[in-house]
Amino acid sequence: MDGQLTVSDNGGLSADEKVAFKLTLVHLDLKGAPPKVSYLAEVMPLFSALGASGLLIEYEDTFPYYGELLQLRAAHAYSPQEIREILRLAQLHRLEVIPLIQTFGHMEFALKHKEFSHLREVPMYPNSLNPHKEESHKLLRAMIRQVMELHPEVQWLHIGSDEVYYLGEGEESKKYFSENGHSVEDLFLSHLKKVASHVVSSYPGVKPIAWDDMLRGACAQTLTESGVAQLVEPMIWDYTPNLDVDNRIALIDKYWQCGFHKIWLASAFKGATGTSQQLTHIGHHLENHRRWQQVVKKIPQGILQGLAITGWQRYDHFSVLCELLPVGIPSLAVCLQTLKNGFFSEQIAASVRDLLGMSHLDTENYSSEISASFPGSDVLTLITQVTFFLKTPTKDFLEENRFVTGWFSPFHRKRKVVHPIMVQQIEPEAVSLLSKWSSVMGDLQTALLKIFPSVTAEEWMEENALPCYLQLQELVEDLKTALENQT
């Protein structure tokens with residue numbers, strides 16, 4: 001077939017034995033944790049060495065919006081000069097850059113602001129844009145223009161469009177349905193087509209990409225007649241380890257039949273196993289990629305444009321941080337090497353260990369011992385220490401230690417009463433734990449600030465370290481006060 005797509009007699013897809021991606025993208029989700037440019041300069045060569053050929057950059061509020069969009073720009077956003085430097089570094093390491101702009105769902109970073117709140121589909125919820133208002137499209141055109149000003153040479157622009165929750169529940173949408181007999185799918189496709197048409201007409205040579213989940217439920221006839229297939233390349237995402245191979249092949253076949261002749265896939269290397277997950281389970285993501293490779297082997301390479309390995313930083317704009325980028329790098333390395341080689345083996349694992357400077361790589365369980373030399377590995381080491389050697393022992397001490405629960409309970413602590421003998425049983429372990437916490441927290445704070453803005457370091461520490469530390473600190477202080485009351 002020479003890589004050309006053919007359709008078998010039964011209407012399904014036939015495939016080559018060997019299928020390759022034109023592009024393998026590392027997704028940088030910058031919501032609330034944009035790495036410093038100095039750190040990106042360190043990891044981009046690693047991405048390239050591991051097998052990446054591009055970056056999918058989701059800026060959200062970290063983009064340096066200006067003028068009428070200044071309100072969208074976070075205090076920790078990149079400057080225009082920093083964006084140019086990121087693009088220069090990407091070019092230096094042969095990484096194609098594709099910016100991602102949300103244009104329908106996941107619009108919280110814009111719609112949370114009073115100035116744009118009237119553009120919500122449902123007034124109460126800031127996640128989805130009202131597609132009926134001309135001001136909504138004016139906002140999107142301004143966002144696209146400003147992003148494209150700093151990315152004049154891109155070949156693709158990802159226009160998001162996933163998880164448009166509550167679409168059709170706004171009053172204008174209900175009126176639209178009643179007057180025209182249209183469905184939610186019709187409304188979604190109409191908006192997607194309008195945004196994509198603007199990109200294509202305003203920036204010749206730039207092809208829009210969109211997440212595919214809002215397309216999946218539309219019937220083949222609706223998709224075909226919408227005309228969206230001539231404008232957009234869908235990106236099919238599935239981050240699960242039990243990905244249904246046959247179902248995904250059938251979905252690709254459906255999109256092909258509807259006129260989508262270039263399709264992207266999306267896996268994940270982190271940020272897809274729990275809203276507040278802090279350590280990455282490599283095995284979950286490795287199995288996800290093994291399943292995707294089964295899909296890839298059964299479809300012709302002519303239809304596949306590329307694959308994005310997503311690394312979500314938050315589930316949405318308002319949720320907590322999940323695994324930080326340095327924490328997910330071993331998982332990313334495993335995933336990239338699996339895609340590059342077509343499989344994962346002990347020999348490839350050894351290669352990953354060498355590239356990351358790791359003495360041990362556990363792809364089945366969370367490892368409690370991390371020794372590595374890749375950029376940011378100290379963050380992974382320290383977060384692992386917090387998880388295994390501080391949080392768990394502290395929780396056990398506060399909730400299970402019989403002297404604490406039996407002789408210094410909340411009742412005793414409130415009244416500052418303690419048996420002096422029990423202080424000798426409780427205080428040494430409490431002080432020892434507190435000392436370990438203080439040391440690790442200082443080191444972790446320093447490590448985080450080398451990679452992230454202060455707001456990210458502050459959030460991570462407040463969410464994941466301070467609660468345990470403060471509980472322990474208060475216990476020690478209460479012990480001291482109670483003992484003083486006895487003398």
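Every residue two or more places apart in sequence or in another chain was checked for a ring pair (Phe, Tyr, Trp, His ring centres under 6.0 Å) with Tyr165, and none qualifies. Every residue meeting the side chain to side chain contact (heavy atoms under 4.5 Å, CB included) condition with Ala196, not counting sequence neighbours, appears here in chain and number order: Ile159, Pro208, Leu231, Val232. Judged as a side-chain hydrogen bond (donor to acceptor under 3.5 Å, both in side chains), and not counting sequence neighbours, the contacts of Thr280 are Glu323. With sequence neighbours left out, the side-chain hydrogen bond (donor to acceptor under 3.5 Å, both in side chains) criterion links His281 to no other residue. Remark: His289 pairs with no residue by the ring pair (Phe, Tyr, Trp, His ring centres under 6.0 Å) rule, at least two apart or across chains.
The environment of CD in Glu134 is crowded: more than 12 heavy-atom neighbours from other residues, nucleotides or ligands sit within 6.0 Å. The number of heavy-atom neighbours closer than 6.0 Å to CZ of Phe177, taken from other residues, nucleotides and ligands shown, is above 12. Annotation: Gln230, atom CD; neighbour count of heavy atoms from other residues, nucleotides and ligands within 6.0 Å is above 12.
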Show me the side-chain donor-acceptor pairs of residues 210-218 shorter than 3.5 Å, one per line, residues at least two apart or across chains.
| unit_1 | atom_1 | unit_2 | atom_2 | d |
| --- | --- | --- | --- | --- |
| Asp212 | OD1 | Arg216 | NE | 3.2 |
| Asp212 | OD1 | Arg216 | NH2 | 2.8 |
| Asp212 | OD1 | Trp237 | N | 3.3 |
| Asp212 | OD2 | Arg216 | NE | 2.8 |
| Asp212 | OD2 | Tyr255 | OH | 2.8 |
| Asp213 | OD1 | Trp237 | NE1 | 2.9 |
| Asp213 | OD2 | Glu163 | N | 2.9 |
| Arg216 | NH2 | Trp237 | O | 2.7 |

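For Ser117 (side chain) and Lys114 (main-chain N/O), a donor-acceptor pair under 3.5 Å exists by modelled atom type. Side-chain N or O atoms of Gln337 include one that pairs as donor or acceptor with a backbone N or O of Leu50 at under 3.5 Å. Remark: the backbone N or O of His198 is paired with a side-chain donor or acceptor of Ser201 at under 3.5 angstrom.
Under the 30°/60° scheme for interplanar angles, the aromatic rings of His191 and His137 are found to be tilted.
If you check the side chains of Trp460 and Gln278, you find a donor sitting under 3.5 Å from an acceptor.
Between Glu42 and Lys36 there is no salt bridge, since no side-chain N of the basic residue sits under 4.0 Å from a carboxylate O of the acidic one.
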